[in-house]
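Sequential numbering from 1 along the given sequence is applied to the chain's residues.
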Amino acid sequence: QVQLVESGGGLVQAGGSLRLSCAASGRTFSRDRMAWFRQAPGKEREFVSAISWSGYNTYYADPVKGRFTISRDNTKNTMYLQMNSLKPEDTAVYYCAARGIGYNRGSYYYQEDGYDQWGQGTQVTVSS
């Protein structure tokens, strides 16, 4: 019942930047963690970054540490991912993930099964 809409993807050269947004809506949207995952062609979906409701706790996968920054604005029900120094390896469909009310699975922020609400994804392509 939660609606998640990603935006901000596009085509950029290596070394460039993009800022992704995820707008959440719906009656069952929970005041809980949110995350970004990505999936490259021929590969499984992988964790990118996560953030607690308050924004106090943030987590990053090793490949993006120091380059990506996750944030959220709860007054707008929106999560962001600022991506700098982009590399061709970052090329993937980026998905926004959240938790519906009453969903409590997942001990760690990086676990896919800790999220039951997913957006349709936004394409990020980084050329070499």
Side-chain angles (χ1 to χ4, degrees):
Q1 297 281 48
V2 177
Q3 308 299 314
L4 300 174
V5 181
E6 303 97 334
S7 62
L11 176 64
V12 64
Q13 291 188 326
S17 298
L18 286 173
R19 183 177 175 84
L20 305 184
S21 298
C22 173
S25 62
R27 306 177 217 163
T28 60
F29 179 67
S30 176
R31 294 183 173 184
D32 208 334
R33 71 183 76 161
M34 293 183 70
W36 290 99
F37 289 77
R38 67 186 183 186
Q39 185 169 28
K43 297 184 178 181
E44 295 185 352
R45 188 156 56 190
E46 65 177 1
F47 172 77
V48 177
S49 185
I51 187 168
S52 63
W53 170 257
S54 67
Y56 180 80
N57 300 115
T58 58
Y59 304 86
Y60 298 93
D62 287 340
V64 308
K65 287 181 179 178
R67 300 188 297 119
F68 292 9
T69 302
I70 191 170
S71 62
R72 67 191 300 169
D73 184 346
N74 292 334
T75 66
K76 300 179 179 179
N77 291 326
T78 302
M79 176 179 66
Y80 306 94
L81 185 68
Q82 178 66 46
M83 305 185 295
N84 298 326
S85 301
L86 283 163
K87 304 175 180 179
E89 306 92 274
D90 296 317
T91 295
V93 176
Y94 283 71
Y95 296 92
C96 174
R99 292 154 66 88
I101 294 176
Y103 192 80
N104 298 309
R105 296 187 64 182
S107 298
Y108 304 99
Y109 279 69
Y110 60 80
Q111 293 183 107
E112 283 194 42
D113 63 2
Y115 306 90
D116 66 332
Q117 309 295 322
W118 296 82
Q120 293 185 347
T122 184
Q123 177 71 48
V124 172
T125 302
V126 184
S127 62
S128 60

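- With sequence neighbours excluded, the residues satisfying side chain to side chain contact (heavy atoms under 4.5 Å, CB included) with Ser25 are Gln3.
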Does the pair Met79 and Ile51 meet the rule for a side chain to side chain contact (heavy atoms under 4.5 Å, CB included), with working shown? CA-CA 9 Å; Met79 176 179 66; Ile51 187 168; 4.0 Å; yes
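- Leu20 has its side chain out of reach of Glu6: every pair of non-hydrogen atoms, C-beta onward, lies at least 4.5 Å apart.
- Glu89 pairs by the side chain to side chain donor-acceptor pair (under 3.5 Å) definition with nothing, not counting sequence neighbours.
- One N or O on the side chain of Arg67 and one on the backbone of Ser85 form a donor-acceptor pair closer than 3.5 Å.
- Under the 3.5 Å distance criterion, the side-chain polar atoms of Asp116 are matched with a main-chain donor or acceptor of Gly100.
- Residue pairs that meet the ring-ring contact (aromatic ring centres under 6.0 Å, His included) test with at least one member in residues 20-48, sequence neighbours left out, are Phe37-Phe47, Phe37-Tyr115, Phe37-Trp118.
- Between the OG1 atom of Thr58 and the CZ atom of Arg72 there is a distance of 12.0 Å, given to the nearest 0.5 Å.
- A salt bridge links Asp90 with Arg38: the closest approach of a Lys/Arg side-chain nitrogen to an acidic carboxylate oxygen falls below 4.0 angstrom.
- Legend: residues meeting side chain to side chain contact (heavy atoms under 4.5 Å, CB included) with Arg27, ordered by chain and number and at least two apart, are absent.
- Pairs passing the ring-ring contact (aromatic ring centres under 6.0 Å, His included) check and including a residue from residues 52-73, sequence neighbours excluded, read Tyr59-Tyr109.
- Scanning all heavy atoms of the two residues, the minimum distance from Arg33 to Arg105 falls at NH1-O, 4.4 Å.
- Counting heavy atoms from C-beta outward, Ser49 and Met83 have side chains that stay 4.5 Å or more apart.
- The CG atom of Asn84 sits 3.5 Å away from atom OG of Ser17, with the distance rounded to the nearest 0.5 Å.
- To the nearest 0.5 angstrom, Ser21 atom OG is 9.5 Å from Gln82 atom CD.
- As a member of the Ile/Leu/Val/Met/Phe/Trp/Tyr network built from side-chain separations under 4.5 Å, Leu11 groups with nothing else and remains a singleton.
- Listed by chain and number, the residues in a side chain to side chain contact (heavy atoms under 4.5 Å, CB included) with Gln39 are Arg45, Tyr95 (sequence neighbours excluded).
- Residue pairs meeting the disulfide (SG to SG under 2.5 Å) criterion with at least one partner in residues 10-103, sequence neighbours excluded, are Cys22-Cys96.
- Grouping Ile, Leu, Val, Met, Phe, Trp and Tyr by side-chain contacts under 4.5 Å, direct or through others, leaves Tyr80 on its own.
- Of all non-hydrogen atoms in Val126 and Thr91, the two that sit nearest each other are N-OG1, 2.9 Å.
- Taking Asp73 as the reference, Thr75 meet the side chain to side chain donor-acceptor pair (under 3.5 Å) condition, with sequence neighbours excluded.
- Side-chain atoms of Thr122 come within 3.5 Å of backbone atoms of Gly9 as a donor-acceptor pair (strictly under, hydrogens ignored).
- Scanning for salt bridge (charged side-chain N to carboxylate O under 4.0 Å, His left out) contacts around Asp32 gives Arg99, with sequence neighbours left out.
- Of the residues listed (Ile70, Leu4, Asn77), the one engaging Met34 in a side chain to side chain contact (heavy atoms under 4.5 Å, CB included) is Leu4, and it is the only one.
- Residue Ala92 comes nearest to Gln123 through the heavy atom pair O-NE2, 3.5 Å, listed as atom of the first residue, atom of the second, then distance.
- Shown here are the side chain to side chain contact (heavy atoms under 4.5 Å, CB included) partners of Ala23, two or more places apart in sequence or in another chain: Thr78.
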